[in-house]
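Scroll down for the structure; my scribbles are underneath it.
From a predicted model like this one, the values you see are computed outputs, not experimental measurements. Heavy atoms only: backbone and side chains are in, while hydrogens, waters and symmetry mates are out.
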Amino acid sequence: TTEIYTLSLHDALPILEQMTARPKLQLQDFEILSEAEKQAQLPVIEETYNARTGQTIQQRIDEMCAERGDAVAIREGDHSISYNELKYRSDRLAAQFVNLGIEKGDGIAICMEPGIDNVLAMIAAMKAGGCFVQITPQMPAERQHFMLVDTRTRLLVTHSGQSVGKAEVHGLTRFQMDTWQAEDGTGATMAETRFDECSEAYMVYVPGLSGQPEAILYSHQAISNAID
C-alpha cells in the first residue's frame with residue numbers, strides 16, 4: 001500500500017532549498033522541521049519522558065488502571081476486559097508465576113496466538129520480575145527449541161495442546177493459560193522490590209551475523225515510555 005502525503009508550500013520550501021543547496025543529500029538527512037518548530041516540540045517530549053522516568057511496568061499499568069478504570073483495555077472478538085480486570089488478573093497471574101519459582105531475571109517464554117491471554121501473560125511475566133520472550137506458534141520447532149534453550153527459559157506459558165520445540169528442555173515448567181482461573185493466584189499485588197525500572201523486562205530476537213538469531217533485551221523503563 002502506497003501512502004501519499006501532501007505538503008503545503010510553507011512545508012515544501014525548506015526541502016526545496018536543501019535539495020538545491022545539496023543535490024546529493026540523502027532522504028533521511030532532510031530537515032523537515034525548522035529550529036523554532038523543533039524547540040516548540042521539545043517541552044512536550046521532555047514532559048512525557050520525564051513523567052515516566054523511573055517507572056516500572058507495574059507502576060505504569062497501575063497508573064493507567066487508576067485513570068481508565070472500567071474502560072476497555074483489551075478486546076478479542078466478542079470478549080473484552082477492562083483496565084481494572086487487567087490489573088486484577090495480571091496481579092494474580094504474576095503471583096502464580098512466583099509460586100512456580102520465578103525469580104528476578106528468569107526467562108519466561110510465551111507461545112500463544114494474539115489475544116487477551118497473551119497480553120495477560122506478558123504483563124504478569126514482567127510483574128513477577130521475569131524477562132519474557134514471544135515465541136509464535138507457527139515458528140519452526142527448531143527455532144522454538146533454540147530460543148527456549150538460549151534464553152534459559154524457566155517457564156513456558158501456552159494453551160493446552162500447544163506443541164512447542166522439538167524436545168523437552170531440562171528444568172522447564174509448562175503453564176497452561178486456558179486451565180487457569182484468576183482466583184487460583186494468591187496475593188493481590190507483587191512486591192516492587194522484585195525489580196526496578198532498569199531490570200530486564202522482555203527480549204526480542206533479530207538475525208545475527210553468525211547465522212543464529214541474537215537476543216536484544218529491553219528494560220521496564222523502555223516499555224513504560226512506550227505505553228499510552
(message) Let's go through Gln138 and Gln144 carefully: what are the C-alpha distance in whole Å and the side-chain angles of both, what is the deciding distance for side-chain hydrogen bond (donor to acceptor under 3.5 Å, both in side chains) to 0.1 Å, and is it a yes or a no?
(response) CA-CA 9 Å; Gln138 296 79 18; Gln144 292 176 339; over 6 Å; no
(message) Working note: His159 + Glu113, criterion side chain to side chain contact (heavy atoms under 4.5 Å, CB included); need CA distance, chi angles, decisive distance, verdict.
(response) CA-CA 9 Å; His159 283 147; Glu113 297 291 347; over 6 Å; no
Going by atom type alone, with no hydrogens or angles, which donor-acceptor pairs under 3.5 Å involve a side-chain atom of residues 105-112 and a protein atom two or more places apart or on another chain?
unit_1, atom_1, unit_2, atom_2, d
Asp106, OD2, Glu103, N, 2.8
Asp106, OD2, Arg154, NH1, 2.9

With a cut-off of 3.5 Å and sequence neighbours excluded, list every side-chain donor-acceptor pair involving residues 69-81.
unit_1, atom_1, unit_2, atom_2, d
Asp70, OD1, Asn84, ND2, 3.1
Glu76, OE1, Ile116, N, 2.9

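Atoms CZ and OG, on Arg89 and Ser82 in that order, are 9.5 Å from each other to the nearest 0.5 Å. Here the NE2 atom belonging to His145 is positioned 11.0 Å from the CG atom belonging to Asp150, to the nearest 0.5 angstrom. Separating the CG atom in Asn118 from the OG1 atom in Thr158 is a distance of 11.5 Å, to the nearest 0.5 Å. Here Asp91 contributes atom CG and Gln96 contributes atom CD; the two are 13.5 Å apart, rounded to the nearest 0.5 Å. For the atom pair CE (Met122) and CZ (Phe132), the distance works out to 5.5 Å, reported to the nearest 0.5 Å. The CH2 atom of Trp180 sits 6.5 Å away from the CG atom of Leu120 when rounded to the nearest 0.5 Å.
Counting only heavy atoms from C-beta outward, the side chains of Leu148 and Leu156 approach each other to under 4.5 Å. Phe175 has its side chain within reach of Leu93: a pair of non-hydrogen atoms, C-beta onward, lies under 4.5 Å apart. With contacts defined as side-chain heavy-atom distances shorter than 4.5 Å, the pair Lys87/Lys127 qualifies.
Ala124 approaches Ser90 most closely through the heavy-atom pair CB-O, 3.7 Å. Minimum heavy-atom separation, Ala128 to Phe97: CB-CB, 4.0 Å.
A search for side chain to side chain contact (heavy atoms under 4.5 Å, CB included) contacts involving Ala66 returns nothing, not counting sequence neighbours.
The aromatic rings of Tyr218 and Tyr202 lie parallel to each other, their planes meeting at an angle below 30°, with 60° marking the opposite boundary.
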